[in-house]
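Below is one structure; the comments refer to it alone.
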Protein chains: 4
Amino acid sequence: MVDTGGVAADQLRAFIERVERLEEEKKVIADDIKDVYAEAKGNGFDVKVMRKIVSMRKRKPHEREEEEAVMDLYLHALGMAGPSGDPE
Amino acid sequence: MVDTGGVAADQLRAFIERVERLEEEKKVIADDIKDVYAEAKGNGFDVKVMRKIVSMRKRKPHEREEEEAVMDLYLHALGMAGPSGDPE
Amino acid sequence: MVDTGGVAADQLRAFIERVERLEEEKKVIADDIKDVYAEAKGNGFDVKVMRKIVSMRKRKPHEREEEEAVMDLYLHALGMAGPSGDPE
Amino acid sequence: MVDTGGVAADQLRAFIERVERLEEEKKVIADDIKDVYAEAKGNGFDVKVMRKIVSMRKRKPHEREEEEAVMDLYLHALGMAGPSGDPE
DNA sequence: CCAGTATTTATTCCGC
DNA sequence: GCGGAATAAATACTGG
């Protein structure tokens, strides 16, 4: 499966480097985010509050989706209403 | 700080063993949980739905706490109403 | 909701509550573990290393060896140092 | 709400939106990384080991050595095998 | 038995 | 530097 001496080594190296390149990009963005917070702080805003707002806004749509998913599950589960058979 | 030959080795061993003992107990409980789900499944219930319910119920009080925490933060942050000074 | 549904609902509730009770217990143990690590830290031990040791001891020796073999293979493929010497 | 508060609100909104935009970008990159690992896996590589290699390369060699030194210290304290031979 | 998903664990980061 | 939140990684479970 993996031939250390052959082409697989090149493949492995390529994968690793692609990952590393992407992680670098990700780090740049993370730094940008920090810069935005720093700028906001410089304008008198409370960074902790801002982070809370961002994370709450992130969770909200997620929760809605989850509730809908649970509703779907319930609807599906109605075929198993009780151990002694289904209601209809 | 850590003397491998002295009493610290015993201390280290004691800590490690306490952790391992506790992890064992935790595993027993985890297995018990699995058993409950298995029993429920044997009674015709949909395990996936049950897990969803449990995790949602777990999150609910958490969310309330978080909302209150955000409110506290806001109240505290009111002293910094704008970048050009406070309103009064 | 029909009668069987009502019975099923009670049963479901009971299962859910058993799970929740067990999860609480599990959480208590998890907290105890954290406490032990905190105490160890207070005594000058390196918690990160302790965690690594605990997880090492948990693993089957065979798995560990196998994973290390793959690791060596990959490191060699990448021209990074292995047991037989480093490239520099 | 006074004028400065309104201005502050707009500013705050702008900061929040900038952060959210950047976090979206970050998420895209994170997904790309997952894709690369998935592709590597499809080519027969061991993803777990790949991740370990990536994180090894990220770390400063000095830190790594230091941590390994502590690890050896602890393993010896516990009577577990180190570089100078195993107890069995 | 593999793939995807959900939970749990480990690590990192940030503000205090 | 610590303690706690956020992120990343690893693991476990379920369904196909």
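A note on names: the letters A, B, ... follow the listed sequences, proteins ahead of strands, and every chain is numbered from 1.
- Near DNA chain E, meaning a heavy atom under 4.0 Å from it, residues 47-56 of chain C has C/K48, C/R51, C/K52 in order of number.
- The pair A/E20-D/K58 fails the salt-bridge criterion, with no side-chain N (NZ, NE, NH1 or NH2) lying under 4.0 Å from an Asp/Glu carboxylate O.
- Nucleic acid contact class of C/K34 (heavy atoms, under 4.0 Å, all strands): none.
- For the pair A/I33 CD1 and F/dA5 P, the interatomic distance rounds to 20 Å; values are reported in whole Å.
- Using modelled atom types and a 3.5 Å distance limit, the side chains of A/E66 and A/H62 yield no donor-acceptor pair.
- The interatomic distance linking D/D31 (CG) with E/dG4 (P) rounds to 14 Å, in whole Å.
- What separates CG of C/D35 from P of F/dG4 is a distance of 11 Å, to the nearest Å.
- Of the side-chain N and O atoms in B/K27, none sit less than 4.0 angstrom from OP1 or OP2 of E/dT9.
- In this structure, A/E25 and A/L22 have side chains that are in contact, with non-hydrogen atoms separated by less than 4.5 Å.
- For C/D46 and E/dA10, the CG to P distance is 14 Å, given to the nearest whole Å.
- No donor-acceptor pair closer than 3.5 Å links the side chain of B/H76 to the backbone N or O of B/D72.
- When rounded to the nearest whole Å, the span between CD of D/E24 and C1' of F/dT7 equals 18 Å.
- Rounded to whole angstrom, the span from the CG atom of D/D32 across to the P atom of F/dA8 amounts to 13 Å.
- For the pair C/K26 NZ and F/dA12 P, the interatomic distance rounds to 12 Å; values are reported in whole Å.
- One finds no salt bridge joining C/E23 and C/K27 here, because no Lys/Arg side-chain nitrogen approaches an Asp/Glu carboxylate oxygen to under 4.0 Å.
- When each of B/Y37 and B/E66 is assigned the nucleotide of DNA chain F bearing its nearest heavy atom, the one mapping closer to the 5' terminus is B/E66.
- Heavy-atom distances to DNA chain F give each of A/E23 and B/K41 a nearest nucleotide, and the one nearer the 5′ end belongs to A/E23.
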With side chain to side chain contact (heavy atoms under 4.5 Å, CB included) as the test, would you mind laying out the steps for B/E24 and B/V28 before giving the verdict?
CA-CA 6 Å; B/E24 250 176 86; B/V28 171; 5.7 Å; no

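- Atom CG in C/L22 sits about 17 Å away from atom P in E/dT7, given to the nearest Å.
- Counting only heavy atoms from C-beta outward, the side chains of D/R57 and D/I53 approach each other to under 4.5 Å.
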